[in-house]
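The block underneath contains the structure these notes are about, expressed in structure tokens.
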Amino acid sequence: MRDHKLFQIRDLGDDIYFIVDRSTVGMYLVIGMQKAALIDCGTGIGDLKECVETITDKPVQLLATHGHVDHIGGACNYDRIYINEKDTALMRESIVPEKRLEFGEFVRSINNDQSWTVKDLVENRELHVVNVEPGDVFELGGRTLTAVDMAGHTKGSMGYFDDRTGTLFAGDGCNNSTFLFGEEATEISQYKKTLLRVKEQLGENYKRHAICHDYSFVPMECIDNVIECCDTILNGNADADSFSNAYEAIGIRTEFLAWAKAGGADRVDKKFGNIAYDTKRIN
Ligand SMILES: [Zn+2]
């Protein structure tokens, strides 16, 4: 599989493709016998639809995990987007070209990527927004994706569970640096309940955990390690450390990590799974 212009494409097997855009966020193309689903759509730099059409000629449904700019910015490539209604306002705020450019430039300032210009920003157009509720099933032909409530990172965060491979596409809902700050996030106590419910719901069918930043598939213990982070914070035992000042530059206030870090969001104990949280919004 060849990369396409501003997108890197990785074939993960089982008719799943990981596409990474210039803002370094990853999205997933999951292909069934009749249809395909695109889970998230990047920041909207470059023609994602054209890229996807180099991989599949099946009709594509666009499913959003949440309303952050780097996950829904490319929606203007498509006519319709499925997203939970709790994140619709966040999506509408984020999708404007100024926000997408701001985020793209923020990433460029970190990695000095000169491969794209403002001309590559996808133009905005009217979108048909469809609400997704937990339990909604998307039939792709020979495989289904089921929406899973992952409220925490944002109140309307959704994961999508692939019955063919046992993969939970978790968006930013549970990863090595789960952001749980800002008005759009839930309190830690509610987030912990979310993760326990996800585990209970999916049970033994849950075999793989896929995220969107820096990695695709990650160790399955990620979810247990993040639940452990929740407990550590809730018990008042978090060894909070100042979080990256890079985010202050774009107006996100400095927050704290749940665990001592060993560089980036990595933990000193080498376990995979962490939380950046707002010390004022725990319970
Ligand atoms: Zn996010």
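Note that ligands are numbered from 1 as they come in the structure, with each ligand's atoms numbered from 1 the same way. Given the structure is predicted, the values throughout are model-derived calculations rather than measurements.
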Legend entry - Ion pair D15/R164, N-O distance below 4.0 Å: yes
Legend entry - N, O or S of C212 under 2.8 Å from the Zn ion (ligand 1): no
Inset, instruction - Find, among atoms of H68 that are N, O or S, the one nearest to the Zn ion (ligand 1), and state its name. - result: ND1
Inset, instruction - Could you grab the angle centred on the Zn ion (ligand 1), going from NE2 in H66 to OD2 in D172, to 10°? - result: 90°
Inset, instruction - Flag this pair as yes if the NZ/CZ of R10 is under 6.0 angstrom from the six-membered ring centre of F18 and inside a 45 degree cone about the axis; otherwise no. - result: no
Inset, instruction - Give a yes or no on whether a salt bridge exists between E228 and K271, defined as a side-chain N under 4.0 angstrom from a carboxylate O. - result: yes
Legend entry - Lys/Arg-Asp/Glu bridge criterion (N-O < 4.0 Å) met for D79, R125: yes
